[in-house]
Protein chains: 2
Amino acid sequence: MSEKRHKDKEAFRREILDAAREMFSVDGYGNFSMRKLARRIGYSPTTIYLYFRDKDEILFCLCEELYAELYRVVLDIEQEGAGLLETLRKVLLTYVSFALAHPEHYRVAFFTNPSVYGSPADFLQNDTMSRRTYLHYRDLVAECCSAGVLCSMEAETLAQVLWTGVHGVVSAALHTRDFPLVDPSVLAEVMVEGLLNGFTFRRSV
Amino acid sequence: MSEKRHKDKEAFRREILDAAREMFSVDGYGNFSMRKLARRIGYSPTTIYLYFRDKDEILFCLCEELYAELYRVVLDIEQEGAGLLETLRKVLLTYVSFALAHPEHYRVAFFTNPSVYGSPADFLQNDTMSRRTYLHYRDLVAECCSAGVLCSMEAETLAQVLWTGVHGVVSAALHTRDFPLVDPSVLAEVMVEGLLNGFTFRRSV
DNA sequence: GGTCTTAACTTAACGCTGTTAAGTTTCTCT
DNA sequence: AGAGAAACTTAACAGCGTTAAGTTAAGACC
């Protein structure tokens, strides 16, 4: 069987990840398995375990790839140099279209959740693309608060509320096959407009 | 083995569902399986298939139970007789605490998703507790719009945006073990306040 | 009471799953 | 050429949802 032996461990890791990523995109998370992945790359299932501790590590790597791409997208938006609030709006809306463009990856990152990043404390200690992206986003919201374009409140809370809003749209879009959901991009637009509007002025009561 | 033979099919169905519900609450969705359920009720796995077509049907029944309870909760809130907007606010906030009080059921209903209600068309045709609850909620939002306490826009869209907002909070709370999430009840309160505030006044831009 | 039918239930199996211990092959280095 | 390490596989464990076929028990009819 064994046609090739791999000297370059890193290259083979990447090959496995590429195959896994495509399997996700094409067949979805539900149809992904270590055995199928092995068949796909032409090796026995056990070989994969020489390059990845377990299935979760593969999922973790795919998540990190996703966050890395998202991070780049966010940086691109910021460098367009629009106003703070406009930038935030674009980031939130782009987040949704980005997520809907990578539905299976989003599933892995947010809905399979065998705690790939460890504990919340681990998350904040280790330098991952996930953490980087989040902190960067949070700082953007904080800037909006201190610049007065959003009402002043704890930035962490506000950032998470805005995020859970768009995350909710994505979540509904991904997990809804039997419900007559309004077009997610419309929901996203109304959601972002509503939230930003709601936090722009002083809150009533 | 067989100590008992069941004359009352419906009673046995309920017995199975009760066991399933408790298994979900205690061990979580991930640790639920037909075989464990069978062991739990003291029968062979195949017996369950005499009372339920497959695993999905059990999930469907559990979902319906959940929606039935949620429906009752919503009715209770409405009968408190507060103002329209105040009622809507309470419904949204109660939705979150209800969901967080039944995390494993919520998981089944919204995140496992092998399309238990069929197609969106099926959802609207068949009289399920899920549909009943949704339509009732949508009507409440529509009332708010026509009474002028919320800005006038398509009620369906607005209803779904408000829902995806609180759903996002629940989704984040349930799928977050490795992220330092702000207290979900705080997020829910800020979310609802922000959204209702955002849709109360005329939207800017 | 004896037979017949049917409903209730089980056994055994199929083809999956993630993972591991142990065994084999191949390469590299001395 | 021989030793050691690296690469890879075979075979297995214990689990999963589901089904075809077989068994047991209860009720109906003569």
Side-chain angles (χ1 to χ4, degrees), chain A residues 1-21 23-24 26-63 104 107-108 111-116, chain B residues 1-21 23-24 26-63 104 107-108 111-116:
Chain A
M1 290 285 163
S2 55
E3 319 106 18
K4 269 185 187 174
R5 300 239 149 187
H6 288 87
K7 289 176 61 177
D8 192 347
K9 243 176 148 63
E10 205 50 52
F12 195 26
R13 268 178 72 97
R14 216 177 302 269
E15 194 183 322
I16 295 174
L17 283 178
D18 287 346
R21 189 175 48 235
M23 288 182 69
F24 271 107
V26 175
D27 300 330
Y29 175 75
N31 292 96
F32 174 84
S33 80
M34 295 295 266
R35 298 172 112 103
K36 282 183 189 170
L37 176 57
R39 232 172 292 148
R40 170 68 124 77
I41 59 174
Y43 288 84
S44 82
T46 40
T47 296
I48 298 175
Y49 288 85
L50 300 173
Y51 296 87
F52 295 92
R53 191 154 34 81
D54 53 17
K55 193 182 179 181
D56 283 355
E57 192 179 330
I58 293 183
L59 302 188
F60 170 83
C61 290
L62 291 179
C63 289
E104 297 303 334
R107 273 211 162 76
V108 174
F111 301 118
T112 63
N113 186 41
S115 182
V116 287
Chain B
M1 290 284 166
S2 54
E3 319 104 19
K4 268 185 187 175
R5 300 238 151 188
H6 288 87
K7 289 176 63 175
D8 192 347
K9 242 176 149 62
E10 204 50 50
F12 195 26
R13 269 179 71 98
R14 216 177 302 269
E15 193 183 323
I16 294 174
L17 283 177
D18 286 345
R21 190 175 47 235
M23 287 182 70
F24 271 108
V26 175
D27 299 330
Y29 175 75
N31 292 94
F32 174 84
S33 80
M34 295 296 265
R35 298 172 114 103
K36 281 184 188 169
L37 176 57
R39 232 172 291 148
R40 171 68 125 74
I41 60 173
Y43 288 84
S44 84
T46 40
T47 297
I48 298 175
Y49 288 85
L50 300 173
Y51 296 88
F52 295 92
R53 189 153 35 82
D54 53 16
K55 193 181 178 181
D56 283 354
E57 192 177 331
I58 293 183
L59 302 189
F60 170 84
C61 290
L62 292 179
C63 289
E104 296 303 334
R107 273 210 161 77
V108 175
F111 301 119
T112 63
N113 186 40
S115 180
V116 288

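Residue numbers begin at 1 in each chain, while the letters A, B, ... track the order of the sequences. Hydrogens, waters and symmetry mates play no part in the numbers below; they use all other heavy atoms, side chains included. Since the structure is predicted, the reported quantities are computational estimates derived from the model, not experimental observations.
With contacts defined as side-chain heavy-atom distances shorter than 4.5 Å, the pair B:Phe32/B:Leu37 qualifies. Side chains of B:Phe24 and B:Arg107 form no contact here, defined as non-hydrogen atoms less than 4.5 Å apart.
Atoms OH (A:Tyr43) and P (C:dT24) sit 21 Å apart, rounded to a whole Å. Between the CD atom of A:Glu15 and the C1' atom of D:dA7 there is a distance of 14 Å, rounded to whole Å. The interatomic distance linking A:Ile48 (CD1) with C:dT17 (C1') rounds to 13 Å, in whole Å.
Each of A:Glu104, A:Glu57, A:Arg21 was checked for a side chain to side chain contact (heavy atoms under 4.5 Å, CB included) with A:Leu62, and the lone residue meeting it is A:Arg21.
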Using a cut-off of under 3.5 Å, enumerate the N/O to N/O pairs linking the protein to nucleotides 18-20 of chain C.
residue: C:dG18; atom: OP1; partner: A:Met34; partner atom: N; Å: 2.9
residue: C:dG18; atom: OP1; partner: A:Lys55; partner atom: NZ; Å: 3.3
residue: C:dG18; atom: OP2; partner: A:Met34; partner atom: N; Å: 3.0
residue: C:dG18; atom: OP2; partner: A:Arg35; partner atom: N; Å: 3.4
residue: C:dG18; atom: N7; partner: A:Arg35; partner atom: NH1; Å: 2.4
residue: C:dG18; atom: O6; partner: A:Arg35; partner atom: NH1; Å: 2.8
residue: C:dT19; atom: OP2; partner: A:Tyr49; partner atom: OH; Å: 2.7
residue: C:dT19; atom: OP2; partner: A:Lys55; partner atom: N; Å: 3.0
residue: C:dT19; atom: O5'; partner: A:Tyr49; partner atom: OH; Å: 3.3

**Request:** Determine, stepwise, if the pair A:Ile48 / A:Ile41 fulfils side chain to side chain contact (heavy atoms under 4.5 Å, CB included).
**Result:** CA-CA 10 Å; A:Ile48 298 175; A:Ile41 59 174; 4.3 Å; yes

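A:Lys9 has a side-chain polar atom (N or O) that falls below the 4.0 Å cut-off from OP1 or OP2 of D:dA7. For C:dC9, the OP1/OP2 oxygens have no side-chain nitrogen or oxygen of B:Thr47 closer than 4.0 Å.
Taking the six-membered ring for Trp and the full ring otherwise, B:Phe12 and B:Tyr43 have centroids separated by under 6.0 Å.
Of the candidate nucleotides C:dC9, D:dC8, C:dT17, C:dC9 has the atom lying nearest to any side-chain atom of B:Phe12.
Counting any heavy atom pair closer than 4.0 Å across all strands shown, B:Phe52 reaches no nucleic acid atom.
Under a cut-off of 6.0 angstrom, the local environment of CZ in A:Arg14 is sparse, with at most 12 non-hydrogen atoms contributed by other residues, nucleotides or ligands.
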